[in-house]
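Just so you know, ligand 1 is whichever comes first in the structure, and atom 1 is the first atom listed for that ligand.
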Amino acid sequence: MKLYNTLTKTRDEFVTHEPGKCNMYTCGPTVYHFAHIGNLRSYIMEDILEKYLRYTGLEVKRCMNITDVGHLSSDADTGEDKMLKGAKREKKTVMEIAQFYTDAFFADCGKLNIKIPEIVVPATSYIPQFIEMVQTLLDKGYAYIAEGNVYFDTSKLDEYYVFNKHDAEDLAVGVRDGVEEDLAKRNKSDFVLWFTKSKFEDQELKWDSPWGIGYPGWHIECSAISVQNLGEYLDIHCGGIDNAFPHHTNEIAQSEAYLGHKWCTHWFHVLHLNTNTGKMSKSSGEFLTVSLLEEKGFDPLVYRLFCLQSHYRKSLVFSWEGMESTRTAYNKLVNRIASLKLDDNSPVDEAKFGELKQRFSDAMDNDLNTALAVTAVYDVLKAQTNDATKIALIRDFDTVLSLGLLEAAAKVKKSAEAEAAARAKAAENATLTITCTSEGVDADTKAKVEELITRRAEAKKAKDFASADAIRDELTAMGVVLKDAKDSVSWSM
Ligand code: AMP
Ligand code: ZN
């Protein structure tokens, strides 16, 4: 499989440290607010990546952190702690906020068919591991203490800017945000490993450490959680493109300084989802959520398809019109699948199966071309083969795409069948309208004739044609002339 690697800036053949196994790390959400659908674009694409790696036969071990401490409003270690900001906004404790938004994140993942990694670690549960890593960095001379905080000394590295060259402008993010620059740093690119003195309000969550009571920097959490759970050699690390600098750059600096060797070989970054007014921002509170999509009547899986239709390395602009047309496409696809014999037990055409599966794999092997992988589903529907083969292929592709295609098709089929049954029942229960077109027929005769006509209709419905004919004969003998129509009978005498 060829997969773009932000580290080498090329589409590399994806090779793991240990053949057949893959260690995968994902930067998890900062749980001070709901995830926006931009964040979830990253998680959808990372989910597809994990599932495809498994599809190719790799045994994937995946770990994700939950950032519940240390992420400041500027990624460059300045500003207010995001968790504290969320807690103040909602007048709750940081841990209450963390639990609430972690649960909300997992609920959103469930709706989008995003598999939750088997190892999920909240940063606050790993404080001793962070302290051990920071101590080792100090012992090895990669870190220093200044004004009570512990900093990573980037001047100790041969190369700090591993992803891209950066200038002072990038490092002055905090200054741009209107926050004072941290003058305790020896180099502009140094970053905090452990805070004891913050330049802003006191922290709610604090722990004892060899350097005083305080709390960890944001970047250390991913390095420590990854090394602890996935070992010294990481095959792939994922995140949104904004994570590349400074977060991932700092993760590489501290992990490799700690381990004494190269750490992660492949870096997978998802470009942003934007709106036509620009970037979505969790901190400003102006963003789109899964609940909002649902309120507007969209199945979250339509958003998943919306994401899959474009390449992860291109920015994607969200629009409601785009969602509308994706919904139309999704429904058409599901309806076409529903028109297949879903319970076809005939043997699968193995040759055709292999040929169409190859098309899907070729698309995914080509730097995760999900748009082309989706068109492979249409190729299956158009193919000259039996329904059993088509269904087996769609089931196979959907282990990766996770669009719930067969489930949705079964639902469509079930509701079409229920509708047809309801129509038949309605027709069955339709009341018979009986009209007399003659003048002056007395009430007793009318009642008698109507009763016979009703009994005749019931006999016909019960397919008891002998009785129906006998009743007709009786009516004829009374001088009644019948005129049958759908759901009505008119008579005269
Ligand atoms: P956060 O909760 O802010 O820590 O971000 C969670 C994940 O979402 C990270 O991997 C970010 O890089 C990613 N992310 C943030 N904004 C966007 C966006 N607009 N589009 C795609 N991914 C994003
Ligand atoms: Zn991270």
Side-chain angles (χ1 to χ4, degrees), residues 6 24-47 49 62-75 79 81-83 85-86 97-98 101-102 104-106 108-109 112 114 117 120-123 126 130 163 191 216-230 234 236-255 263-264 267-290 303 306-307 310-318:
T6 322
M24 179 174 185
Y25 188 84
T26 301
C27 287
T30 309
V31 284
Y32 71 112
H33 220 317
F34 291 108
H36 57 58
I37 59 170
N39 301 129
L40 291 160
R41 179 193 190 198
S42 287
Y43 294 109
I44 288 170
M45 301 319 295
E46 291 157 3
D47 177 65
L49 173 64
R62 182 165 171 208
C63 175
M64 181 174 83
N65 64 305
I66 297 284
T67 299
D68 53 2
V69 68
H71 193 173
L72 306 190
S73 61
S74 150
D75 287 354
D81 182 292
K82 293 190 178 191
M83 294 303 298
K85 191 174 163 180
I97 291 284
Y101 288 113
T102 302
F105 172 71
F106 288 151
D108 286 345
C109 287
L112 290 161
I114 295 171
V120 176
V121 182
Y126 260 50
F130 304 156
F163 292 117
F191 53 93
W218 173 39
H219 317 294
I220 196 79
E221 69 180 77
C222 290
S223 290
I225 292 171
S226 175
V227 170
Q228 284 286 324
N229 289 281
L230 302 173
L234 185 61
I236 188 156
H237 193 309
C238 330
I241 191 65
D242 58 308
N243 281 166
F245 183 83
H247 185 50
H248 291 163
T249 304
N250 293 348
E251 277 189 46
I252 293 172
Q254 63 204 1
S255 300
W263 170 50
C264 177
W267 288 83
F268 176 86
H269 289 117
V270 179
L271 267 83
H272 273 191
L273 175 92
N274 301 313
T275 58
N276 45 21
T277 52
K279 197 176 160 237
M280 237 179 291
S281 153
K282 233 199 262 196
S283 52
S284 71
E286 285 165 21
F287 55 84
L288 302 164
T289 58
V290 170
Y303 178 64
F306 179 80
C307 292
S310 75
H311 196 255
Y312 76 92
R313 273 199 309 117
K314 288 207 176 102
S315 322
L316 176 59
V317 177
F318 177 86

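- Residue Thr30 places at least one N or O, backbone or side chain, under 3.5 Å from an N or O of ligand 1.
- At least one N/O/S atom of Cys27, from backbone or side chain, sits under 2.8 Å from the Zn ion (ligand 2).
- Distances between N or O atoms of Leu271 and those of ligand 1 include no value under 3.5 Å.
- The shortest N or O to N or O distance between Trp218 and ligand 1 is not under 3.5 Å.
- Using cut-offs of 30° and 60° for the angle between ring planes, the Phe306 and Phe318 rings count as perpendicular.
- Polar contact check, Pro29 against ligand 1: no nitrogen or oxygen pair lies under 3.5 Å apart.
- Within His247, the N, O or S atom lying nearest to the Zn ion (ligand 2) carries the name NE2.
- For Thr102 (side chain) and Ile66 (main-chain N/O), no donor-acceptor pair under 3.5 Å exists by modelled atom type.
- At a 4.0 Å cut-off, at least one heavy atom of Asn243 sits close enough to ligand 1 to count as contact.
- The single protein non-hydrogen atom nearest to atom 6 (C) of ligand 1 is Tyr43 OH, 3.3 Å, given as residue, atom name and distance.
- In terms of polar-atom proximity, defined here as any N/O pair under 3.5 Å, Ser42 does make such a contact with ligand 1.
- Note: Phe268 and His237 fail the aromatic proximity criterion, with ring centroids not under 6.0 Å apart.
- The shortest N or O to N or O distance between Asn39 and ligand 1 is under 3.5 Å.
- Residues Asp242 and His272 bring a donor and an acceptor atom of their side chains to less than 3.5 Å of each other.
- Ring orientation note: the planes of Trp267 and Phe163 are nearly perpendicular, at an angle over 60° on the 30°/60° scale.
- Remark: ligand 1 and Asp242 share an N or O pair separated by less than 3.5 Å (distance only, no angle test).
- Distances shorter than 4.0 angstrom occur between a heavy atom of Leu273 and an atom of ligand 1.
- Heavy atoms of His269 come nearer than 4.0 angstrom to ligand 1 in no pair at all.
- Between Phe105 and the choices Tyr43, Phe34, Tyr32, the ring-ring contact (aromatic ring centres under 6.0 Å, His included) rule is met once, by Tyr43.
- Regarding atom 21 (C) of ligand 1, its nearest protein heavy-atom neighbour is Gly38 O, 2.8 Å.
- Between the side chain of Asp68 and the main chain of Ala123, a donor-acceptor pair closer than 3.5 Å is present.
- Judged by distance alone, the side chain of His248 and the main-chain N or O of Glu251 form no donor-acceptor pair under 3.5 Å.
- Looking at ligand 1, you won't find any N or O of Cys27 less than 3.5 Å from one of its N or O atoms.
- Not a single N/O/S atom of His248, whether from backbone or side chain, sits less than 2.8 Å from the Zn ion (ligand 2).
- In this structure, NZ in Lys82 is found 14.5 Å from CD1 in Ile97, a value given to the nearest 0.5 Å.
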